[in-house]
Student: 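Before anything else, here's the structure in question.
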Protein chains: 2
Amino acid sequence: MNESTAIRTTRAAIQELRVAFTVDCVIFGYGEEKLKILLVECNLPPYIGKWSLLGDFIRNDEDLDHAADRVLKHYTRLDSIHMEQVGTYGAKGRHPLGRVVTAAYYSLMKVKNFEDTVSDSLQVKWFDLELLPELAFDHGVILASCYSRLQKRLRSRPIGFGLLPQKFTLSQLRKLYEVVLGIELDKRNFRRKLKSLNLLIKTETVQADVAHRPAVLYSFNHDLYEQQMSEGLHFEI
Amino acid sequence: MNESTAIRTTRAAIQELRVAFTVDCVIFGYGEEKLKILLVECNLPPYIGKWSLLGDFIRNDEDLDHAADRVLKHYTRLDSIHMEQVGTYGAKGRHPLGRVVTAAYYSLMKVKNFEDTVSDSLQVKWFDLELLPELAFDHGVILASCYSRLQKRLRSRPIGFGLLPQKFTLSQLRKLYEVVLGIELDKRNFRRKLKSLNLLIKTETVQADVAHRPAVLYSFNHDLYEQQMSEGLHFEI
DNA sequence: ACAAAAGTGTTGATAATACACCCATGT
DNA sequence: ACATGGGTGTATTATCAACACTTTTGT
């Protein structure tokens with residue numbers, strides 16, 4: 001195949017072999033010591049009344065990551081939340097109206113960053129991960145792989161610290177890990193591990209108005225973390 | 001938005017917001033104690049003379065995984081080689097002839113499974129990973145992330161054993177890990193680790209015609225591995 | 001005898017686990 | 001005083017890293 005043939009056939013393929021392409025966002029939220037997911041009501045047969053991930057078709061001029069950001073912003077008005085691509089799904093029968101390939105993204109935020117109760121007419125709602133409704137399309141599968149990715153990332157990246165108040169207790173942090181990982185963690189061992197990372201700054205303040213011994217508040221040392229990453233150091237919790 | 005509006009707008013989007021979609025396959029090969037990559041010569045300006053990953057547009061009726069299998073088969077005649085999806089790339093300027101999104105897959109095989117020297121007119125060729133030519137498109141980036149994935153998988157999945165003869169020595173196995181991971185491994189510690197997994201079967205045979213003490217040959221215990229996986233057991237090397 | 005790779009054990013450091021009691025506060 | 005969660009230490013075990021010599025074969 002010579003050069004001009006290649007250009008012709010490629011150009012033809014780009015014209016003809018096209019697929020509809022969407023991004024679907026799995027938005028995890030942490031609040032009230034529970035892990036939640038943001039879903040939107042589906043109004044497409046045969047999934048009417050079911051719930052689905054936040055998604056949209058990508059525009060002609062935007063990168064995939066940008067599309068994911070746009071989708072999240074459209075539904076929540078939230079900006080600059082980091083989204084990570086997890087996988088791309090293109091099974092033949094996955095969409096009722098034709099061939100649609102989707103790239104799945106996930107992110108993690110505080111539930112109270114987005115209050116579904118005060119949102120406009122969009123049918124978006126937080127669901128407890130434990131009490132999920134039936135999902136449309138193959139979104140159950142997508143959710144499962146994003147959840148698995150989230151659990152891996154929580155252990156190796158500092159994505160948990162942003163889900164708590166800026167100053168937090170070690171028990172709050174441990175509870176967060178327990179909820180997201182779905183396991184129990186030994187109190188003493190967890191404290192030792194976290195302290196050994198040296199990424200927590202012990203503040204001078206303590207909890208107030210609690211009916212027990214007040215806990216010391218810690219904050220996360222972003223600067224040190226960035227520095228350690230740039231030196232190629234990683235942690236594992 | 002009511003139901004029929006949803007159907008109409010979705011149908012319209014599927015018609016209009018389409019992108020050309022390809023799969024690109026990063027085929028790693030192990031042979032002569034080196035890690036290699038299978039590349040094809042690119043004949044599309046401005047990348048003429050550069051080399052690229054094995055790719056093609058997906059057909060209207062095939063799953064993504066199937067497209068990856070088809071591409072590999074087209075270039076090598078090889079079938080039923082496991083391919084894993086790594087990521088999807090859709091930056092705006094990544095293809096000279098327009099918007100093309102690609103899903104990247106990788107797999108790993110013996111170099112001698114596919115002899116590029118006896119292939120037909122296709123310009124496909126094994127390259128040492130150490131001696132790569134300049135790659136077309138964003139294939140350098142794609143290759144890098146697939147390589148990183150390969151290294152992770154090698155440590156947690158038995159993808160290395162299929163690259164050696166059915167019966168192999170522990171030194172051959174260690175060399176393979178050293179080459180793919182790009183690090184040196186302590187001989188004694190490696191032997192201990194591998195033996196502790198209990199996934200190797202010590203055969204009655206030894207190396208022949210070597211000018212040194214002949215090594216015992218081992219084979220991989222697929223059945224036990226499958227059983228352990230089904231019980232949720234994992235290994236790490 | 002020599003070269004060349006196979007094979008083998010120990011030690012010390014570090015990390016993971018399991019586990020129980022006292023402490024500070026509000027009511 | 002009591003209920004509540006905060007905070008601490010130790011012993012055991014498992015894992016990892018570092019390291020050097022003897023063995024078996026072909027030449």
Side-chain angles (χ1 to χ4, degrees), chain A residues 32-34 151-152 154-156 161 164-165 167-179 181-220 228 232-237, chain B residues 32-34 151-152 154-156 164-165 167-179 181-219 228 232-237:
Chain A
E32 298 164 341
E33 304 197 333
K34 285 202 286 274
Q151 291 183 320
K152 282 203 193 91
L154 184 71
R155 301 193 92 119
S156 57
F161 303 100
L164 298 172
K167 294 177 179 182
F168 50 86
T169 70
L170 285 176
S171 290
Q172 289 174 318
L173 188 61
R174 180 167 49 86
K175 183 69 187 176
L176 186 152
Y177 275 81
E178 289 182 335
V179 166
L181 299 177
I183 55 177
E184 286 212 332
L185 295 166
D186 181 87
K187 180 161 66 157
R188 280 167 290 190
N189 294 338
F190 182 80
R191 296 173 75 91
R192 196 183 5 257
K193 180 81 133 293
L194 265 288
K195 288 186 169 182
S196 76
L197 299 177
N198 284 320
L199 289 171
L200 297 183
I201 301 167
K202 183 174 185 166
T203 70
E204 297 303 312
T205 46
V206 294
Q207 271 182 321
D209 301 317
V210 284
H212 53 78
R213 175 172 172 179
V216 171
L217 297 172
Y218 293 82
S219 65
F220 179 67
Q228 291 189 358
L233 296 172
H234 295 273
F235 67 79
E236 200 71 24
I237 290 176
Chain B
E32 297 164 340
E33 305 198 333
K34 286 201 286 272
Q151 291 183 320
K152 279 201 195 94
L154 184 71
R155 301 195 93 120
S156 56
L164 297 172
K167 295 177 179 182
F168 50 86
T169 69
L170 286 177
S171 290
Q172 290 173 319
L173 188 61
R174 180 168 49 88
K175 184 69 188 177
L176 184 146
Y177 275 82
E178 290 181 335
V179 166
L181 299 178
I183 54 177
E184 286 212 331
L185 295 165
D186 180 87
K187 179 162 65 157
R188 281 167 289 189
N189 294 338
F190 183 81
R191 296 174 75 90
R192 190 177 18 250
K193 180 82 132 291
L194 266 288
K195 289 186 166 181
S196 75
L197 298 178
N198 284 321
L199 290 171
L200 296 183
I201 301 168
K202 183 172 184 167
T203 72
E204 298 302 313
T205 45
V206 295
Q207 272 182 319
D209 302 317
V210 286
H212 54 78
R213 176 172 173 179
V216 171
L217 297 173
Y218 293 82
S219 65
Q228 291 190 357
L233 295 171
H234 293 271
F235 68 79
E236 200 69 25
I237 292 176

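Proteins get letters first, then strands, A, B, ... in listed order; numbering begins at 1 in each. Computation of the quantities below employed the complete heavy-atom set of this structure, encompassing side-chain atoms and omitting hydrogens, waters and symmetry-equivalent molecules.
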Student: Taking side-chain hydrogen bond (donor to acceptor under 3.5 Å, both in side chains) as the test, write out the residues that go with B:Gln151, two or more places apart.
Tutor: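 Result, side-chain hydrogen bond (donor to acceptor under 3.5 Å, both in side chains) vs B:Gln151: B:Tyr147.
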Student: What's the CG-C1' distance between A:Leu173 and D:dG5, to the nearest Å?
Tutor: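 My rounded result for the distance is 16 Å.
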Student: Taking salt bridge (charged side-chain N to carboxylate O under 4.0 Å, His left out) as the test, write out the residues that go with A:Arg174, two or more places apart.
Tutor: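 Listed in chain order: A:Glu178.
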Student: Taking any heavy-atom pair under 4.0 Å as a contact, classify A:Lys195: base, sugar-phosphate, or nothing.
Tutor: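 Answer is sugar-phosphate: A:Lys195 comes under 4.0 Å of backbone atoms only.
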Student: Just by protein heavy atoms under 4.0 Å, how would nucleotides 12-20 of chain C read 5' to 3' in B, S and -?
Tutor: ----SBBBB
Student: Of all residues at least two apart in sequence or in a different chain, which pass the ring pair (Phe, Tyr, Trp, His ring centres under 6.0 Å) check with B:Tyr177?
Tutor: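 Applying ring pair (Phe, Tyr, Trp, His ring centres under 6.0 Å) to B:Tyr177 gives B:Phe190.
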Student: At what distance, to the nearest 0.5 angstrom, does CG of B:Leu170 lie from OH of B:Tyr218?
Tutor: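 OH of B:Tyr218 is found 5.0 Å from CG of B:Leu170.
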Student: Could you check how far CZ of A:Arg174 sits from C1' of D:dT8, rounded to whole Å?
Tutor: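 The distance from CZ of A:Arg174 to C1' of D:dT8 comes to 14 Å, rounded to the nearest Å.
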Student: Is there any protein nitrogen or oxygen under 3.5 Å from a nitrogen or oxygen in nucleotides 22-27 of chain D, and what are the pairs?
Tutor:
residue, atom, partner, partner atom, Å
D:dT23, O2, B:Arg213, NH1, 3.4
D:dT24, O2, B:Arg213, N, 2.8
D:dT25, O2, B:His212, N, 3.4

Student: Would one find a side-chain N or O of B:Ser171 under 4.0 angstrom from OP1 or OP2 of C:dA6?
Tutor: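 Checking B:Ser171 against C:dA6: at least one side-chain N or O falls below 4.0 Å of OP1 or OP2.
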Student: Roughly, in whole Å, what's the span from CG in A:Leu217 to P in D:dG6?
Tutor: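 Distance, rounded to whole Å: 11 Å.
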Student: Write down the distance between CZ (A:Phe168) and C1' (D:dG6), rounded to a whole number of angstrom.
Tutor: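 From A:Phe168 CZ to D:dG6 C1': 16 Å.
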Student: Got a sec: does the CD of B:Glu236 have more than 12 other heavy atoms crowding it under 6.0 Å?
Tutor: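 Correct, the count exceeds 12.
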Student: Just jot down the side-chain hydrogen bond (donor to acceptor under 3.5 Å, both in side chains) partners of A:Gln228, sequence neighbours excluded, or say none.
Tutor: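 Testing A:Gln228 for side-chain hydrogen bond (donor to acceptor under 3.5 Å, both in side chains), a comparison that skips the adjacent residues, returns none.
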Student: Residues two or more places apart in sequence or in another chain: which of them pass side-chain contact (heavy atoms from CB on, under 4.5 Å) with B:Glu33?
Tutor: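 Residues passing side-chain contact (heavy atoms from CB on, under 4.5 Å) with B:Glu33: B:Tyr30, B:Lys175.
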Student: Nearest whole Å is fine: how far is C:dC23 C1' from A:Arg191 CZ?
Tutor: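 After rounding, the gap between these two atoms is 12 Å.
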Student: Sequence neighbours left out, what passes side-chain contact (heavy atoms from CB on, under 4.5 Å) with A:Asn198? Give chain and number order.
Tutor: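 A:Asn198: no side-chain contact (heavy atoms from CB on, under 4.5 Å) contacts found.
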Student: So which pairs with a foot in residues 205-216 of chain B pass side-chain hydrogen bond (donor to acceptor under 3.5 Å, both in side chains), sequence neighbours left out?
Tutor: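 Those involving residues 205-216 of chain B are B:Thr203-B:Thr205.
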Student: Take the protein atom CZ of B:Phe190 and the nucleotide atom C1' of D:dC19, then report the distance between them rounded to whole Å.
Tutor: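 Atom-to-atom, B:Phe190 to D:dC19, this comes out as 19 Å.
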Student: To the nearest angstrom, how far is B:Lys175 atom NZ from C:dA4 atom P?
Tutor: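 Those two atoms, NZ and P, are 16 Å apart.
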Student: What is the distance, to the nearest angstrom, from the CD atom on A:Gln172 to the P atom on D:dG5?
Tutor: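 After rounding, the reported distance stands at 13 Å.
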